[in-house]
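Throughout, a chain's letter reflects where its sequence line sits, starting with A, and its residues are numbered from 1.
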2 protein chains.
Amino acid sequence: MADASTEFLKGTLDLMILKTLSWAPAHGYGIARWIERCTDDVLEVEEGSLYPALHKLEDEGLITAEWGITEHNRRAKFYRLTTVGKRRLASSHAYWARFAGAVSKVLETSPASA
Amino acid sequence: MADASTEFLKGTLDLMILKTLSWAPAHGYGIARWIERCTDDVLEVEEGSLYPALHKLEDEGLITAEWGITEHNRRAKFYRLTTVGKRRLASSHAYWARFAGAVSKVLETSPASA
DNA sequence: GGTATATACCTCTGAGTCCTAGGTAACGCA
DNA sequence: TGCGTTACCTAGGACTCAGAGGTATATACC
């Protein structure tokens with residue numbers, strides 16, 4: 001339970017990683033910073049969640065990794081979306097829309113419509 | 001991971017239970033059926049998730065329980081939102097809006113705005 | 001040359017959530 | 001009597017996330 005800031009994350013981290021990689025290959029650190037910046041720090045991506053998620057997505061064949069050098073001249077593992085990953089992104093994105101819409105319905109439906 | 005149908009639920013079950021009870025007291029079975037009907041079965045509420053969640057919310061003092069008789073003339077435990085529960089509902093609802101908005105931003109922002 | 005900061009990677013472990021699978025019981029109807 | 005529905009419950013395992021810790025290198029500053 002704890003505080004609200006981590007309450008709802010389940011599953012969406014994978015989805016956001018996939019989405020971020022759909023634009024261009026990126027390394028873990030960069031993915032985290034991008035998501036945080038993009039959401040004005042509403043979403044904070046912890047490394048203890050990020051790296052296991054990345055490894056899991058790689059094991060599932062949704063992304064592939066390759067060592068490279070960053071613009072800061074540092075060694076980093078660049079992840080790239082696979083074809084399977086693109087398909088998963090599309091289906092997960094669609095399901096997220098359905099899911100979020102359903103939750104909104106519950107949160108906004110008035111008792112009268114029961 | 002598994003299938004998409006249970007992918008995103010974390011935390012939102014509590015929120016939806018709280019919201020359902022904000023209209024009127026209800027029993028577990030009724031809450032589950034209402035959420036499913038309200039979302040056209042997009043969200044399926046499993047009993048193995050529902051009852052533990054209800055007990056947890058009760059332990060936290062967000063809802064209180066009382067035995068009664070349903071319209072079907074059966075014994076059932078009716079749950080009612082407490083004052084603390086109402087406050088929690090308000091803050092969780094607000095955070096859900098922030099969270100869902102942030103996820104949408106990631107899913108819809110184009111690479112150009114990076 | 002030494003140190004701090006930022007960049008970049010990783011894993012272990014605990015806490016928490018959800019589901020599967022099982023069980024109990026009573027009502028109404030055929 | 002048996003069946004379907006309503007209504008409750010828990011034990012166990014799978015999984016996810018976060019906190020805390022660790023490694024290493026480039027650059028900037030002193």
Task: Distance in angstrom units between B:Phe8 CZ and D:dC15 P, rounded - done: 17 Å
- [ ] Specify the separation, in whole Å, of atom CG of A:Leu57 and atom P of D:dC15.
- [x] 14 Å
Task: ring pair (Phe, Tyr, Trp, His ring centres under 6.0 Å) contacts in which one or both residues fall within residues 51-71 of chain B, not counting sequence neighbours - done: none
Task: Separation of atom CD1 in A:Ile17 from atom C1' in D:dT16, rounded to whole Å - done: 12 Å
Task: Interatomic distance where CG belongs to B:Asp59 and P belongs to C:dT17 [whole Å] - done: 12 Å
Task: Over all atoms of both residues, closest heavy-atom pair of B:Cys38 and A:Lys105 - done: O-CD, 3.3 Å
- [ ] Before giving the answer on salt bridge (charged side-chain N to carboxylate O under 4.0 Å, His left out), spell out for B:Lys56 and B:Asp14 the whole-Å C-alpha distance, their side-chain angles and the decisive distance to 0.1 Å.
- [x] CA-CA 9 Å; B:Lys56 191 196 61 184; B:Asp14 290 2; 2.6 Å; yes
Open item on the list: Tell me the interatomic distance from A:Glu46, atom CD, to D:dG21, atom C1', rounded to whole angstroms.
Closed with: 14 Å
TODO: For each nucleotide in nucleotides 6-14 of chain D, reading 5' to 3', give B when a protein heavy atom comes within less than 4.0 Å of its base, S when such contact involves only the sugar-phosphate, and - otherwise.
DONE: BSBBB----
TODO: Rounded to the nearest angstrom, tell me the gap between atom CD1 in A:Ile69 and atom P in D:dA24.
DONE: 17 Å
Open item on the list: Closer than 3.5 angstrom, by distance alone: can the side chain of B:Thr82 be matched with the main-chain N or O of B:Gly61 as a donor-acceptor pair?
Closed with: yes
TODO: Give a yes/no on whether any side-chain N or O of B:Lys10 is located under 4.0 angstrom from OP1 or OP2 of D:dT16.
DONE: no
Task: Interatomic distance, A:Lys56 NZ vs D:dA18 C1' [rounded to whole Å] - done: 15 Å
Task: Test item: B:Arg74 side-chain N/O and B:His72 main-chain N/O as donor-acceptor pair under 3.5 Å - done: yes
- [ ] Indicate the ring-plane relationship of A:Phe99 and A:Trp96, choosing parallel, tilted or perpendicular according to the 30° and 60° boundaries.
- [x] tilted
